[in-house]
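Worksheet: the structure to be examined is printed underneath.
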Amino acid sequence: MSDDAPEASARPRVWKTPPNVPLCAETDLPDPGARSLVLQIGEAFFHGFVVRKDGQVAGYVDRCPHAGHPLALELDRYLTPDGELILCGWHGATFEPLTGLCVGGPCAGGRLTPWPVQVVGGVVRTA
């Protein structure tokens, strides 16, 4: 595995989303589980992911606080094999799924950027 960050997209990015955008059914997320989501907002794109753990759902901007690139090496593969932590596949940083706190690796003590989401009527939506 290379230490190089993935090549940046030529598409403009945004870091926030409008409220009340439906993302997926809560039942589409295993518990524990995670899902990558890309939203087009005007001409720009937002890259995020949602995590379900212990019946709760949390959302994060898909950007490593250590190196600034997406966390997953494979689509939707955000969790460690045991489903206990979020894993940055590039440098091995680990994060608590419901708080985003980095508990190991090069950015220990840092946090993922939260993406406000909520479950309304069984649907995960932006908040």
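One-based numbering along the sequence shown.
- Scanning both residues, L71 and F49, for their nearest heavy atoms gives CD1-CE2, 3.4 Å.
- The shortest heavy-atom contact between V117 and A58 is CG2-C, 3.8 Å.
- Note on V61: it clusters hydrophobically with L23, by side-chain heavy-atom contacts below 4.5 Å among ILVMFWY residues.
- Of all heavy-atom pairs spanning A44 and V14, the tightest one is CB-CG1, 3.5 Å.
- One distance of note links NZ of K16 with OG1 of T113; it measures 10.5 Å at 0.5 Å rounding.
- When every heavy atom of G48 is checked against every heavy atom of Y78, the shortest pair comes out as O-OH, 4.4 Å.
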For this session: Evaluate the side-chain contact (heavy atoms from CB on, under 4.5 Å) criterion for residues H47 and R63: first the C-alpha distance (whole Å), next the side-chain angles of each, then the deciding distance (0.1 Å), finally the verdict.
Result: CA-CA 8 Å; H47 295 257; R63 188 169 193 220; over 6 Å; no
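- Taking the charged nitrogens against the carboxylate oxygens, K53 and E96 have no contact shorter than 4.0 Å, which rules out a salt bridge.
- For F46 and W115, the gap between ring centers is short of 6.0 Å.
- The aromatic ring centroids of H69 and H91 lie less than 6.0 Å from each other.
- In this structure, CG on L73 lies 7.5 Å from SG on C88, to the nearest 0.5 angstrom.
- The side chain to side chain contact (heavy atoms under 4.5 Å, CB included) with L79 is formed by just one residue from the set V51, T94, L87, L85; it is V51.
- In plain terms, the two heavy atoms of G100 and F95 that are nearest each other are O-CD2, 3.4 Å.
- V57 and L37 fall within a single hydrophobic cluster, where Ile, Leu, Val, Met, Phe, Trp and Tyr are joined by side-chain heavy atoms under 4.5 Å apart, directly or via other members.
- Between the side chain of D82 and the backbone N or O of E84 there is at least one donor-acceptor pair closer than 3.5 Å.
- Dense packing is recorded around CD of Q40, with more than 12 heavy atoms of other residues, nucleotides or ligands lying under 6.0 Å away.
- Both L39 and W15 sit in one connected hydrophobic cluster of ILVMFWY residues. Membership requires side-chain heavy atoms under 4.5 Å apart, directly or through other members.
- A donor-acceptor contact shorter than 3.5 Å links the side chain of D76 to the backbone of S36.
- The 12-atom threshold is exceeded at CZ of R111, counting heavy atoms of other residues, nucleotides or ligands nearer than 6.0 Å.
- Considering CG of L112 and CG of L101, their distance stands at 9.0 Å, rounded to 0.5 Å.
- Atoms CZ and SG, from R125 and C24 in turn, are 11.0 Å apart once rounded to the nearest 0.5 Å.
- The backbone N or O of N20 sits less than 3.5 Å from a side-chain atom of T126, completing a donor-acceptor pair.
- Judged as a salt bridge (Lys or Arg N to Asp or Glu O under 4.0 Å), the pairs with a partner in residues 29-40 (not counting sequence neighbours) are, in order, D28-R35.
- No donor-acceptor distance shorter than 3.5 angstrom exists from the side chain of Y60 to the backbone of V50, with no hydrogens or angles considered.
- The minimum heavy-atom distance linking A93 with C107 is given by the pair CB-SG, 3.8 Å.
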